[in-house]
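Here's the structure, in structure tokens; my notes come after.
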Amino acid sequence: MGMGRTRWAAVLVLALSLVLVAGVSLAQGGFTPGEYTAAAAGFGGEVTVTVEVSEDSILSVRAEGPNETDGIGSTAIEKLPGTIVEKQTLAVDTVAGCTVTSKAVLAAAEDALRQAGAEDAVIFSAPVDAADAAQEEEIDCNLVIVGAGAAGLSAALSAHENGVEDILVIEKMPAIGGATAMAGGGMPGYAVSEDADETEANIEELFLHLCKIGKFSSNARLTMMQARLSTPTIEWLKSEGVGITGEPVEGEAIVNYGCEGRAATAINTVYQRVLEEGVPVMLNTRATHLITNGNAVVGVEAIGENGQKITIHAGKVLMATGGYGNNTDLITDPSILDRVIYYGPVGATGDGHIMMKEIGVPMFNMDKVATKHFGVETEPGYGIHIHFVVAQLFKKTGSIAVNKDCQRVVNEDGDELDIARASMYKSEDGRLYIVMDQAGFDLCTDILDQYTFLKKDKVAQLLEENGAGVTKFVKGDTLADAAAAMGLDGAKLEETVAAYNANAAAGNPDPFKRANTPEMSTDGPFYILQTVARFATSLGGVNISDRFEVLDVNEQPVPGLYAAGEVVGNIDGAYAEYLVWCFGSGMEFGNVIGD
């Protein structure tokens with residue numbers, strides 16, 4: 001095989017197009033040439049696929065599913081079309097974590113190919129192995145960054161601005177963003193005062209806040225790093241053109257910042273700045289192993305988008321590979337897996353953790369994931385969040401949440417982690433059930449429909465299933481009827497609702513300290529939605545120095561190896577406030593190596 005070696009001194013951007021052209025062919029006469037379109041039901045609505053074929057090849061595949069969940073179903077929309085063209089068959093794997101959308105893409109593609117006259121032998125032929133024809137590549141650079149999320153792209157931009165040349169970013173997925181593309185965009189910072197001592201006190205206040213929400217189980221040194229980086233990160237993002245919301249409030253130490261258009265807009269802005277500065281980003285390029293020379297890391301082995309082996313020689317390697325939430329083999333406490341669902345990016349499979357473990361780097365807190373409240377399971381082990389719903393539901397209506405025994409066990413409008421733990425450990429089946437009257441249901445479904453997680457037609461389908469599917473949302477003319485459909489004890493549920501209403505009517509303090517307790521209607525119908533604790537972020541990973549050097553078993557830097565973002569372990573303890581850390585650690589890494 002041929003081998004080329006390149007010095008990265010000019011702009012090179014390899015971006016994914018959902019219209020990919022294959023250089024391989026099927027047997028003559030497999031298709032009637034043309035363009036064909038078909039649709040199938042995805043999770044959030046209709047998924048449409050357009051396939052263009054020649055007489056003997058699948059030339060292009062385009063998929064659209066605007067209502068599929070960002071970062072989950074949308075990943076199948078992005079990834080599968082290219083795989084179909086590359087392999088010249090529908091005999092390909094679904095994308096882990098987005099099975100429903102994957103099956104919709106494949107079903108619509110099958111329909112389109114049948115319109116083109118193809119038979120099973122062609123549609124489901126053995127996959128073409130393009131790797132055999134791919135040429136190996138060797139690349140030299142000063143810095144290779146593995147991962148194009150908030151940490152990786154911020155590091156690339158900051159390092160470039162600090163004078164580092166010959167930077168290369170590689171990303172295994174067909175699009176940039178990682179977990180950041182799914183994040184809400186909130187980022188806490190500290191208020192800056194003309195009085196240096198007051199500013200320092202504000203930093204310490206933010207540090208204590210981060211420790212508190214992490215239930216005081218975080219690495220204090222790294223958490224203080226995060227606190228100190230927070231406001232400088234916000235200012236840097238502003239200077240790069242990222243829209244930031246939120247302003248300091250007189251007398252308050254902590255500032256609640258946010259991203260205009262959520263975090264996805266912020267990461268895309270940073271990405272555009274990286275491209276403008278001429279830093280190359282290679283998508284569909286998966287790092288597989290670190291290259292070592294003695295105890296030093298001197299590069300990365302990767303697989304390119306055509307299956308070719310790529311050897312990258314680098315003076316420095318930054319691991320910004322994100323988390324391991326979608327790789328349950330890396331979660332060292334598997335007992336939690338039947339009590340939580342994953343709703344994060346499908347690409348979070350712990351590749352960086354695995355590569356660093358291969359060379360003996362120790363991992364910390366690999367039993368921990370950042371659990372949050374009120375997820376909805378959409379397929380076994382995976383699902384979505386309904387944060388937007390519960391943020392209003394328990395303030396404006398008499399809806400309550402009960403455990404499997406039909407008892408309230410937590411303040412439904414309280415701390416997210418407390419609710420998640422109540423769901424996991426105070427309910428026999430690791431589930432909480434939201435009980436709603438008609439007013440609660442109407443508010444719930446209006447918000448679900450607005451944010452496209454569960455459109456009203458999907459909710460209607462779930463109610464028709466009456467609890468028979470994975471996603472359980474049921475209706476009953478009485479509380480007992482609704483409870484029976486959900487497999488709960490109707491008499492116990494009636495007692496719990498009656499006690500809640502009596503307490504609310506009397507104006508007594510809520511036993512769980514819920515601030516707003518409107519009464520639930522006593523008139524049917526009633527609705528019950530099964531929920532489960534959720535996580536998108538993992539909390540384990542490597543330890544690093546203040547200069548982002550990865551530390552070995554003796555807490556000494558591994559020469560040439562650095563880490564930033566979620567792959568760093570135990571920043572926030574039991575809860576993740578990672579967005580500002582990911583942007584900030586990338587930014588500061590660039591400052592440090594540019595010294």
Rounded distance [0.5 Å steps], CG in Asp477 versus CZ in Phe526: 10.0 Å

Gap separating the CD1 atom of Ile400 from the OH atom of Tyr433, nearest 0.5 angstrom: 14.0 Å

Can you see whether [X] engages [Y] through a side-chain donor-acceptor pair at a distance of less than 3.5 angstrom?
X      : Y      : value
Gln438 : Tyr527 : yes
Thr378 : Thr471 : no
Asn268 : Thr265 : no
Asp457 : Gln461 : no

Does [Y] offer a backbone N or O that forms a donor-acceptor pair with the side chain of [X] under 3.5 Å?
X      : Y      : value
Thr531 : Leu432 : yes
Thr231 : Gly189 : no
Lys456 : Asp446 : no

Under 4.0 Å between a side-chain nitrogen and a carboxylate oxygen: does that hold for [X] and [Y]?
X      : Y      : answer
Asp93  : Lys79  : no
Asp415 : Lys215 : yes
Asp413 : Arg514 : no
Lys103 : Glu379 : no
Lys458 : Asp449 : no
Asp338 : Arg431 : no
Lys472 : Glu377 : no

[X]: what forms a salt bridge (charged side-chain N to carboxylate O under 4.0 Å, His left out) with it, not counting sequence neighbours?
X      : value
Asp437 : none
Arg262 : none
Arg339 : none

Where [X] and [Y] come nearest, the two heavy atoms and their spacing:
X      : Y      : answer
Thr321 : Gly352 : OG1-CA, 3.2 Å
Asn365 : Gly569 : ND2-C, 4.4 Å
Val410 : Ala422 : CB-CB, 3.7 Å
Leu493 : Cys406 : N-CB, 3.7 Å
Ala179 : Glu566 : CB-OE1, 4.3 Å
Pro509 : Asn503 : O-ND2, 3.2 Å

Identified side chain to side chain contact (heavy atoms under 4.5 Å, CB included) counterpart of Phe441 within the set Val459, Leu529, Thr397: Val459

Side chain to side chain contact (heavy atoms under 4.5 Å, CB included) partner of Val369, chosen from Ile336, Thr537, Asp333: Ile336

Parallel, tilted or perpendicular, as decided by the 30° and 60° cut-offs, for the rings of His385 and Phe388: tilted

Parallel, tilted or perpendicular, as decided by the 30° and 60° cut-offs, for the rings of His373 and His387: tilted

Taking C-beta and beyond as the side chain, do [X] and [Y] meet within less than 4.5 Å on heavy atoms?
X      : Y      : result
Thr50  : Val61  : no
Asp111 : Val49  : no
Val435 : Ser399 : no
Thr349 : Tyr324 : no

Aromatic ring proximity Tyr343/Phe535, centre distance under 6.0 Å: no

Phe394/Phe374 aromatic ring centres below 6.0 Å: yes

